[in-house]
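Before any comments, here is the structure.
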Amino acid sequence: MRTSHVLIPTLREDPGEAETVSHKLMLRAGLIRKVAAGIYTYLPLGLRVIRKVEQIIREEMNRAGAQELLMPIASPAELWQETGRWSFYGKELLRFKDRHEREFCLGPTHEEVITDLFRREVRSYRQMPLNFYQIQTKFRDEIRPRFGLMRGREFIMKDAYSFDQDEAGARLSYQKMYDAYHRIFTRCGLTFRAVEADTGLIGGSSSHEFMVLADTGENTIVYSDGGTYAANIEQAEVFPPTEVDAEPPRPLRTVQTPGCRTVEEVTKFLNTSSAHLVKTLLYSTGGNTVAVLVRGDHEANEVKIQRLLRINGLELATPTVVAQVTGAPVGFAGPIGLKDVRIIADHAIKAMRNVVVGANQIDTHYVDANWDRDFHVEQFADLRSACAGDPSPKRDGILRMAKGIEVGHVFMLGTKYSETMKATFLDLHGKECLAVMGCYGIGVGRTAASAIEQNHDPKGIIWPFPIAPFHVHLLPLTQSTQTAKVTAQLYDDLQTAGLEVLWDDRDERAGVKFNDADLMGAPFQVAIGDKSLAEGVVEIKTRKDGKKVKLPPAQVVGHLTEARPS
RNA sequence: CGGGGCGUAGCGCAGCCCGGUAGCGCGCCUGCUUUGGGAGCAGGAUGUCGGAGGUUCAAAUCCUCUCGCCCCGACCA
């Protein structure tokens, strides 16, 4: 393709709206343009990358036995009401009414629609197992879209849904997808890791997320140094402590702690450590307030809390609510004398003796409090996030932390949807059975963005070969007829050899072309100019390592077909 | 939704505090020169200063309301 025939509006400077590397580079290299918050146009170059990722996904899904179909973007409220997600999904579900006042939503995911298809069309075990997938634009009215394609409101997703006769079959389908995902992300040139994950709004029994390892990732993952365990920090199980503090209980006392509201202030003032303090966090959940106790140096894990309480929607209580419940300003809440509030605690609390807690009174704390003597805990559970250094749940060493970008997620759904939507089939014995389901998503744009996060340098993008918008960037540097002739010949020959070529035929200076080429990130650049042609050669640069080779034009095709990763 | 910030030329920004009728760099157009890592000189075009009200002789600047966008949190492919 010739540069003069395609819109590639590169930018010299970083756009003000972008923060992360991939977002900046996608804008600068002319891949995308924003239309509204979280909504983008894919420009020709960006679309080529998207299509490549889609094609890799398509090939691997087909190879794994899934069949492609395409569901509508708009779906009727009734289907969502059937599973209860019309109300459960919340504001993220963009709803609207048609001219007949019938309610619809833009599909954020398609369990309802596909399950409806299954129950209408599939009767017999003979037709199973089935795995349907689509590559389609989704809409989720995200609270805060950000980082360009990394978290859009409108985004392209591959979603697949499997239907099996039983658990064993479903596990096999799940494993096939798990393996396919490994191949997909490997082919996309990504460094990634599959981790155990929470199932969130989709629901189901278990799931894995595929995390691209990158410091800019929004997720924290933990993994064991023994090598077999990896999980999202939301999910990672924390063992109850094995040893209880042996200190004999001392009498409960109150102390004045003027102006000390944070863990840090209180422990510093009392000259103790945060491991001897119990944080009392008040959460609001649909009108109720819950007190959650965690050790001062631990992080409460809101996903675990929600799972224990079987709710979706948890917020730290506002200062007003805190004042109502505790009778004191924020910073002095404690479990002693707290009324009309459920109190749940992390396992770690059980092992603590003679702790510091808030006294529900301004500028006052209790010291030497003991849970079995001074306050009541309704339930102990795993409510905190794992930390680096915690033992691995698989008992293969200790945990370490890393940041990741979630590019794919596979779920074992079980019969959650087939049950509520009565998706059944007749088995071998003529008995009516519920289909056992799985669902499997990949963020296409996010995968492309992740590739940039992992593959760039100060000059621009360094595309992994399989998803590069072009393989070779031809850069004629001088205006001579000789240069033009060699360039045109190379353009034809390279394409004939099956390489995708971008020919920078603009009337620009060499520096501009080099810089734009580095920015756009094609794996190979071929510079053609009078200087090197005088020696009978052109110059091939590998974008990744910057290495340059001089070769006669006739040998370029051979060299590049050779250098091309398979 | 809570907290912070920003809307001025296609892009990046200054001007706003202290009101006097809009500027810089890049890009764009024309000409000449230049031509292997973001050229030089000369000339030129481009703004309802996000929008609506208000205060004032006078508003980009002060006040009120509104819309959009970005960043931090809850959400997630």
Side-chain angles (χ1 to χ4, degrees), chain A residues 9-20 23 27-28 30 33-39 53 57 89-93 108-109 135-160 181 197-202 207 209-212 218-219 232 234 283-284 302-303 306 312-316 318-319 405-411 439-450 459 475-480 483 507-519 525 527-534 538-539 541 546 548:
Chain A
T10 55
L11 303 171
R12 288 196 180 195
E13 296 172 84
D14 279 338
E17 70 188 50
E19 192 79 357
T20 49
H23 190 191
L27 289 165
R28 285 230 289 140
R33 282 295 182 268
K34 187 175 69 181
V35 175
I39 299 178
V53 175
I57 292 172
Y89 220 102
K91 287 193 175 171
E92 233 173 87
L93 193 61
T109 175
I135 296 174
Q136 187 216 31
T137 296
K138 296 278 186 275
F139 198 97
R140 295 182 186 172
D141 202 355
E142 289 279 341
I143 292 163
R144 187 150 89 84
R146 64 185 128 170
F147 305 152
L149 296 195
M150 209 61 105
R151 179 185 296 278
R153 292 194 291 170
E154 188 181 297
F155 61 100
I156 300 172
M157 175 171 157
K158 185 285 302 177
D159 47 327
Y181 275 36
D198 180 57
T199 53
L201 280 178
I202 307 289
S207 78
E209 288 169 332
F210 284 76
M211 294 283 191
V212 167
E218 296 182 81
N219 296 274
N232 192 308
E234 293 173 346
Y283 283 99
S284 295
E302 297 184 3
V303 170
Q306 293 187 67
N312 171 39
L314 189 70
E315 280 175 10
L316 269 179
T318 60
I405 301 164
E406 182 189 0
V407 289
H409 202 157
V410 294
F411 298 81
C439 79
Y440 319 93
I442 292 179
V444 175
R446 188 180 280 185
T447 299
S450 304
K459 285 285 200 173
L475 307 172
L477 305 176
T478 49
Q479 303 302 320
S480 68
T483 297
D507 182 16
E508 286 287 357
R509 303 172 64 82
V512 174
K513 292 188 177 185
F514 280 128
N515 280 299
D516 270 352
D518 287 343
L519 179 62
Q525 294 170 18
I528 306 105
D530 293 340
K531 202 185 272 183
S532 49
L533 283 178
V538 297
E539 206 168 273
K541 183 176 113 174
K548 292 174 186 170

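Among the atoms of the strands shown, only primed sugar atoms or phosphate atoms (P, OP1, OP2) are found under 4.0 Å from some heavy atom of A:G408.
For the residue pair A:D518 / A:Q525, a side-chain donor-acceptor distance below 3.5 Å is found, with atom types taken as modelled. In the model, A:E406 has no side-chain atom that pairs as donor or acceptor with a side-chain atom of A:N219 under 3.5 Å.
In a base pair of the Watson-Crick type (N1 to N3 plus N6-O4 or O6-N4) or a G-U wobble (N1-O2 and O6-N3), with each distance short of 3.5 Å, B:C6 is matched with B:G68. Searching all strands for a Watson-Crick or G-U wobble partner of B:A22 with both distances below 3.5 Å returns nothing. For B:A14, there is no paired nucleotide, since no Watson-Crick or G-U wobble pair has both relevant distances below 3.5 Å. With a cut-off of 3.5 Å on both Watson-Crick or G-U wobble distances, the partner of B:U30 is given as B:A42. Pair assignment for B:G36: none, as no Watson-Crick or G-U wobble contacts are both less than 3.5 Å.
One C1' atom belongs to B:A39, the other to B:U34, and the distance between them is 7 Å to the nearest Å. Atom C1' of B:G12 sits at a distance of 14 Å from the matching atom of B:G7, rounded to the whole Å. Across B:C6 and B:G43, the matching P atoms stand 37 Å from one another, rounded to whole Å. For the C1' atoms, the distance linking B:A59 with B:A45 amounts to 27 Å, nearest Å. Nucleotides B:C17 and B:C26 have their P atoms positioned 29 Å apart, rounded to a whole Å.
Dashed line: the shortest gap from a side-chain N or O of A:R509 to OP1 or OP2 of B:G36 is not under 4.0 Å. OP1 or OP2 of B:C72 lies within a sub-4.0 Å distance of a side-chain N or O belonging to A:R146.
The residue among A:L149 and A:K34 whose nearest nucleotide of RNA chain B lies closer to the 5′ end is A:K34. For A:A37 and A:V512, each mapped to the nucleotide of RNA chain B holding its nearest heavy atom, the one lying further toward the 5' end belongs to A:V512.
Between the side chain of A:E508 and the base of B:G38, no donor-acceptor pair under 3.5 Å is found.
Stacking of A:F514 onto the six-membered ring of B:G36 is not present when judged by under 5.5 angstrom between centres and under 30° between planes.
With distances taken from any side-chain atom of A:E539 to the nucleotides B:G37, B:G36, B:C70, the minimum falls on B:G36.
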